Amino acid sequence: MQFIANRDEDYAQWYVDVVLKSKLADYAPVGGCMVIRPYGYALWENMVAALDGMFKETGHENMYFPLMIPESFLKKEAEHVEGFAPECAVVTHGGGKKLEEPLVIRPTSETVIWSMYKKWIHSYRDLPILGNQWANVVRWEMRTRLFLRTTEFLWQEGHTAHATEREADEEALRMLEVYRRFAEDYMALPVVCGEKTERERFAGAVRTYCIEAMMGDRRALQAGTSHFLGQNFAKAFDVTFQNESGEHEYVWGSSWGVSTRLVGALVMGHGDEKGLALPPRLAPIQVVVVPIYRKDEEKARVLEVAHQIHARLAKNVRVHVDDRDQLKPGFKFNEWELCGVPLRLELGPRDLENGQVTFARRDTGDKGTVPLDALESEVPTLLDMVQTGLFDRALEFRENNTCTTDSWTEFREQLEAGGFVYAHWNGSGETEARIQEETKATIRCIPFGRQPEAGKCILTGEPSEGRVLFARAY
RNA sequence: CGGGAUGUGGCGCAGUUUGGUAGCGCGUUCGGUUCGGGACCGAAAGGUCGGCGGUUCAAGUCCGCCCAUCCCGACCA
């Protein structure tokens, strides 16, 4: 039986139940690590395919750098080493011997990549380099959580090099926009785009941009980041180029990444009391056909049509016929709902008589019928409706749980209840830290396109130029 | 690393207080009846009780040490 914890009473347990029982992932023998199971990996593959296409459309090429990085590389950028050293796994032995220099398992690849960019970049004609790699990285976190934070995870990391500051910053912003489009158009999750405060900035970046999504428990999840690196890594690795005037300049950089954490974002962004609810554009199975029959004679007829439906839809839709004989339809309904399949088609004797199938939408639970001969056109339409329905539901949920306030009391109460709060802030990291101590909330971002608005800092009452987004986060 | 908890067939648990031949539910396999919202009957398979050591005629149970995992904090995509 696949019963899961009540989502409102124990959100954390609900999340674990959904991930395990929908067979997205399982705990691995190594602490803090997880195994991504076929269903979860298929979901990730669909994400990879969509993102990879978008990267290529924006002119990027894939490449691959080594898993192990000389320890000294990490130390070349001061902030970078400070940020990452504590969470690095270090290889000290190889081939039965102690290594001359320890090797760090990459927590991110800026250092090794910039060490190579030094070799490849000499002239402005060598720029830009628009590279991306799909890889695994290791960060030795103390506390882990399936998909959201595991010791090893899969991601992509884009690393670009440019001749001008403006170009590098534009690149960072362009890729954040790619992430926004992916989150909203594919994952059906509305996101807030903005810039991180200095305190939340990537170690080694000049500016960090991010997209922030609201999860089902009203907490925030950073779904993607894009960094304008300035010349920090170019200086650390001495990467210069000769410009058109023959002068030597340091190269400007950007880096950006999203990870398998996005799978967790889907679970928590759309899941409900029945389990997962996957957006059709990413769902490994978009349509499941459940045959219903009593007698052998009915079974033969129903299965024949079910497989015909499969053959007709399979050209354009990821469809699966659940012809397992030993399970009752009701069990299958619940199981596929737990697994988040966007659209279910029920096919029984009654449907055959009427030349139709019964459908059920995962997002709303609405049922209806579609004439058999209209399936090719109607199923994609229904899938589009589910895609839109999920986005609208998530957006409405976020708006209903977002407030703007100038009252400290209301600020605290809203953060305590969960949700997003737009409030004034005096711009100091110290204030930010104090607010976190008091409320457990952090500044998720300084939103793009915010209205300039004179106000008083929610904590100190000091002057503020505009509101920032506060929330408790994963 | 600090705090808490748990390790017993595949999964979830009871049994430990008071030592005496290891049990339940689910799942699995076989046979049959079922099938429009989580079916039922019958039969069967499956466990050196996390590890090591100790006490004892006898240890899942008592004692010691170790290991692992999960949850809560600090860190973080």
Side-chain angles (χ1 to χ4, degrees), chain A residues 1-4 10 12-13 15-17 20-21 26-34 82-88 107-108 135-157 179 196 199-203 208 210-213 220-227 255-265 274-275 290-296 298-299 302-303 322-338 344-354 356-360 365 367 369 433 436-437 440 442 473-474:
Chain A
M1 291 297 166
Q2 301 289 326
F3 294 108
I4 55 177
D10 191 346
Q13 189 58 50
Y15 176 78
V16 171
D17 284 351
L20 294 179
K21 291 183 175 175
D26 204 349
Y27 290 106
V30 181
C33 293
M34 70 170 176
E82 195 183 322
F84 283 106
E87 56 190 63
C88 284
T108 179
N136 56 338
V137 288
V138 167
R139 296 182 186 178
W140 213 273
E141 307 290 354
M142 292 285 95
R143 277 193 58 214
T144 59
R145 204 155 146 68
L146 291 165
F147 284 112
L148 296 184
R149 192 179 307 105
T150 47
T151 301
E152 177 184 356
F153 57 96
L154 306 183
W155 77 345
Q156 59 69 214
E157 45 182 327
Y179 290 158
K196 286 291 186 193
R199 207 160 154 271
E200 300 275 328
R201 188 182 296 153
F202 174 74
T208 288
C210 63
I211 54 173
E212 295 282 331
L221 182 78
Q222 179 177 305
T225 50
S226 183
H227 316 290
S255 69
W256 27 275
V258 296
S259 72
T260 37
R261 160 175 267 205
L262 291 181
V263 175
K274 289 179 169 182
V290 178
I292 298 162
Y293 46 79
R294 292 166 196 270
K295 304 159 194 150
D296 282 350
E298 280 177 355
K299 176 180 168 183
V302 166
L303 282 182
D322 186 356
D323 57 4
R324 291 175 297 175
D325 194 32
Q326 68 280 16
L327 299 173
K328 291 181 70 173
F331 180 91
K332 295 179 182 178
F333 295 169
N334 284 288
E335 186 175 74
W336 291 114
E337 281 164 357
L338 169 64
R344 178 178 73 241
L345 299 181
E346 304 172 13
L347 183 70
R350 215 159 59 209
D351 297 302
L352 286 189
E353 271 174 42
N354 298 325
Q356 66 182 33
V357 293
T358 301
F359 72 82
K367 282 195 176 192
T369 60
Q436 182 174 6
E437 276 172 37
K440 294 183 186 160
T442 49
Y474 278 100

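Reminder, nothing fancy here: chain letters follow the sequence lines and each chain counts from 1. Please read these numbers as outputs of a predicted model, since none were measured by experiment.
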When we call it a touch if two heavy atoms are under 4.0 Å apart, what does [X] touch: a base, just sugar-phosphate, or nothing?
X: A/Lys367; value: base
X: A/Tyr27; value: sugar-phosphate
X: A/Thr150; value: base
X: A/Thr108; value: nothing
X: A/Leu148; value: base
X: A/Arg344; value: base
X: A/Glu200; value: nothing
X: A/Pro349; value: base
X: A/Ser259; value: base

Next item on the list: Ignoring hydrogens and angles, answer whether the base of B/rG37 and the side-chain atoms of A/Glu346 contain a donor-acceptor pair closer than 3.5 Å.
Entry: no

Margin query: Would the base of B/rG36 count as contacting A/Arg294 through its side chain, where contact means a donor and an acceptor less than 3.5 Å apart?
Written below: no

Margin query: Check this for me: does any side-chain nitrogen of one of A/Lys274 and A/Glu335 sit under 4.0 Å from a carboxylate oxygen of the other?
Written below: no

Check: Relative to the ring of A/His227, is the ring of A/Phe202 parallel (under 30°), tilted (30 to 60°) or perpendicular (over 60°)?
Finding: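 Judged by the thresholds at 30° and 60°, the geometry between A/Phe202 and A/His227 is parallel.
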
